[in-house]
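Have a look at the structure below before the remarks.
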Amino acid sequence: MSRKKITILDLQQRKSEGIPLSMVTAYDYAAAIFADRAEIDIVLVGDSLGMVMLGLENTVAVTMNEMLHHGRAVSRGAKYAFLVGDMPFLSYEVTTAEAIRNAGRFLKEAGMAAVKLEGGQEAADTIRAIVNAKIPVMGHIGLTPQAVSQLGGFRVQGKTAVSAQKLLDDALALQDAGCFAIVLEAMPAPVASTISQRLRIPTIGIGAGAGCDGQVLVYHDLLGLFDRFQPRFVKQYANLSQTIVAALTAYREDVTTRRFPAEEHTYPMDAAEEAAFRERLAIGD
Ligand code: KIV
């Protein structure tokens, strides 16, 4: 059977069937190809690229142009996964018109199928307006990294009964506003599984336990490509930074000892042409 591109209907169906969704971030062409080969369901061009690709302290400074630049590379590589572009800080908060225009750029200019934005009840009107403009929206509640200053750091959310109730109310408001799915980040597992059970739409957890309808990890965390810090919820499936440093070290040693390039990496020259070349040089002398 030929492989088909994943659609928003497939995501909803997977929730009904109780088969968890896999989602990973990607920021470039190669990573998008790998995600597709691994049959990942959803690829998110996350604004986490500010930290893992651009070396920023957090996601606050990431711009629309940076997101679109990476989004275009990802959509050239991923042909089957459902593609979501992350709206950066202040690209959707200022006015509704600006939010719709910026959301639309992810579809028109970067080949995304949907956008994601952070926020609970306060973001519902904006989300409704974007959805009304025919742009699918994935919500994101709990630890919302763009609000890092307001939250006082990267902290688990919903640890008290009152704050857990607020997260449930946020999730219901986002579903009501038209979100097709919601990311639940860094919250106690019982809170996330209650939200997941109460919603019709899929939840995608990150640091939210096994009761969500899907899971997401940042590409660089999963593959061991980023070691500035590692949240408790990350499971590292490979240590590629070790592999890369070992390969680069071997390359440097080969270059300095002239083991590289070897014969097989070198273009030969016909002996007669080489002799003629040397003769020309000698005459030139
Ligand atoms: O930017 C990102 O990578 C994200 C995921 C962690 C959900 O928002």
Side-chain angles (χ1 to χ4, degrees), residues 7-9 11-12 23 25 27 42-50 56 58-72 74-75 82-151 157-158 163 165-185 187 195 198-204 206 216:
T7 69
I8 208 161
L9 299 177
L11 306 180
Q12 188 59 53
M23 169 162 143
T25 65
Y27 316 105
I42 308 171
V43 167
L44 168 70
V45 183
D47 64 352
S48 48
L49 69 83
L56 297 169
N58 55 48
T59 59
V60 171
V62 175
T63 65
M64 272 299 295
N65 283 342
E66 285 163 347
M67 293 306 303
L68 294 173
H69 173 79
H70 287 271
R72 279 191 287 270
V74 167
S75 64
F82 187 81
L83 300 182
V84 182
D86 213 359
M87 297 194 70
F89 180 53
L90 285 195
S91 68
Y92 53 94
E93 292 93 336
V94 181
T95 68
T96 307
E98 202 172 87
I100 296 172
R101 200 166 295 116
N102 283 328
R105 292 187 72 193
F106 277 95
L107 274 64
K108 288 170 78 100
E109 298 175 37
M112 300 289 111
V115 296
K116 175 172 86 56
L117 60 88
E118 299 180 6
Q121 290 155 82
E122 76 287 358
D125 286 344
T126 305
I127 289 172
R128 190 171 283 109
I130 297 173
V131 172
N132 282 341
K134 307 179 194 68
I135 301 164
V137 177
M138 175 180 272
H140 183 161
I141 59 171
L143 168 51
T144 46
Q146 292 173 11
V148 61
S149 297
Q150 209 167 40
L151 298 176
Q157 303 295 304
S163 60
Q165 173 74 56
K166 156 105 174 52
L167 289 178
L168 174 59
D169 294 344
D170 283 341
L172 290 167
L174 296 194
Q175 173 175 267
D176 190 51
C179 282
F180 70 92
I182 304 181
V183 169
L184 306 180
E185 179 163 353
M187 63 182 70
I195 293 174
R198 298 273 179 104
L199 294 186
R200 295 183 308 276
I201 56 173
T203 59
I204 311 288
I206 175 162
V216 55

Say you draw a straight line from CD1 of Ile206 to OG of Ser48; how long is it, rounded to the nearest 0.5 Å?
-> 8.0 Å
Check whether any side-chain N or O of Thr25 sits under 3.5 Å from a backbone N or O of Val45 as a donor-acceptor pair, and report yes or no.
-> no
Nearest heavy-atom approach of Gly158 to Leu167 is CA-CD1, 3.7 Å
Distance from Leu44 atom CG to Met23 atom CE, nearest 0.5 Å?
-> 4.5 Å
Compute whether any side-chain donor of one residue and acceptor of the other, for Gln121 and Asp169, lie under 3.5 angstrom apart.
-> no
After noting the C-alpha distance and the side-chain angles of Val84 and Ile42, does the key distance pass the side chain to side chain contact (heavy atoms under 4.5 Å, CB included) rule?
-> CA-CA 7 Å; Val84 182; Ile42 308 171; 3.8 Å; yes
Heavy atoms of other groups near Gln150 CD, more than 12 under 6.0 Å | no
When you look at His140 and Leu117, which way does the side chain to side chain contact (heavy atoms under 4.5 Å, CB included) test go after all the steps?
-> CA-CA 6 Å; His140 183 161; Leu117 60 88; over 6 Å; no
Stepwise, does the side chain to side chain contact (heavy atoms under 4.5 Å, CB included) test hold for Leu143 with Met187?
-> CA-CA 7 Å; Leu143 168 51; Met187 63 182 70; over 6 Å; no
Please name the pair of heavy atoms, one in Asp86 and one in Gly46, separated by the smallest distance, quoted to 0.1 Å.
-> OD2-CA, 3.5 Å
Got Ile141 and Glu185 here, is their nearest side-chain heavy-atom distance under 4.5 Å?
-> no
Interatomic distance, Phe180 atom CZ to Leu9 atom CG [nearest 0.5 angstrom] | 11.5 Å
Nearest heavy atoms of Ile201 and Cys179, plus distance in Å = CD1-O, 3.4 Å
Nearest 0.5 Å please: distance from the CG atom of Leu174 over to the CD1 atom of Ile182.
-> 4.5 Å
Thr144 side chain to Ala147 backbone, donor-acceptor under 3.5 Å | no
Just how far is it from atom CD of Glu93 to atom CE of Met87, taken to the nearest 0.5 Å?
-> 8.5 Å
Apply side chain to side chain contact (heavy atoms under 4.5 Å, CB included) to the pair Glu118 and Tyr92, showing each step before the final yes or no.
-> CA-CA 10 Å; Glu118 299 180 6; Tyr92 53 94; 3.6 Å; yes
Sub-4.5 Å side-chain heavy-atom contact between Ser163 and Gln157 = no
Quick one: list whatever passes salt bridge (Lys or Arg N to Asp or Glu O under 4.0 Å) with Asp125, sequence neighbours left out.
-> Arg128
Tell me, do Leu199 and Leu172 make a side-chain contact under 4.5 Å, heavy atoms counted?
-> yes
Kindly indicate whether the side chain of Leu11, heavy atoms from C-beta on, has any atom under 4.5 Å from the side chain of Phe82.
-> yes
Phe106 vs Leu68 side-chain heavy atoms within contact, under 4.5 Å = yes
Please name the pair of heavy atoms, one in Ala124 and one in Ala173, separated by the smallest distance, quoted to 0.1 Å.
-> CB-O, 4.3 Å
Scanning both residues in full, the closest heavy-atom pair of Leu56 with Ala61 reads CD1-CB, 4.2 Å
Would you find a donor on one side and an acceptor on the other, under 3.5 Å apart, between the side chain of Gln12 and the backbone of Pro202?
-> no
Heavy atoms only: give me the nearest Arg72-Glu109 pair and the separation to one decimal.
-> CG-O, 3.1 Å
Rounding to 0.5 Å, atoms CE (Met138) and CD1 (Ile127) come to a distance of 11.5 Å
Donor-acceptor contact below 3.5 Å, side chain Asp47 vs main chain Pro88 | no
Could you pull out all residues at least two apart from Glu98 that satisfy salt bridge (Lys or Arg N to Asp or Glu O under 4.0 Å)?
-> none
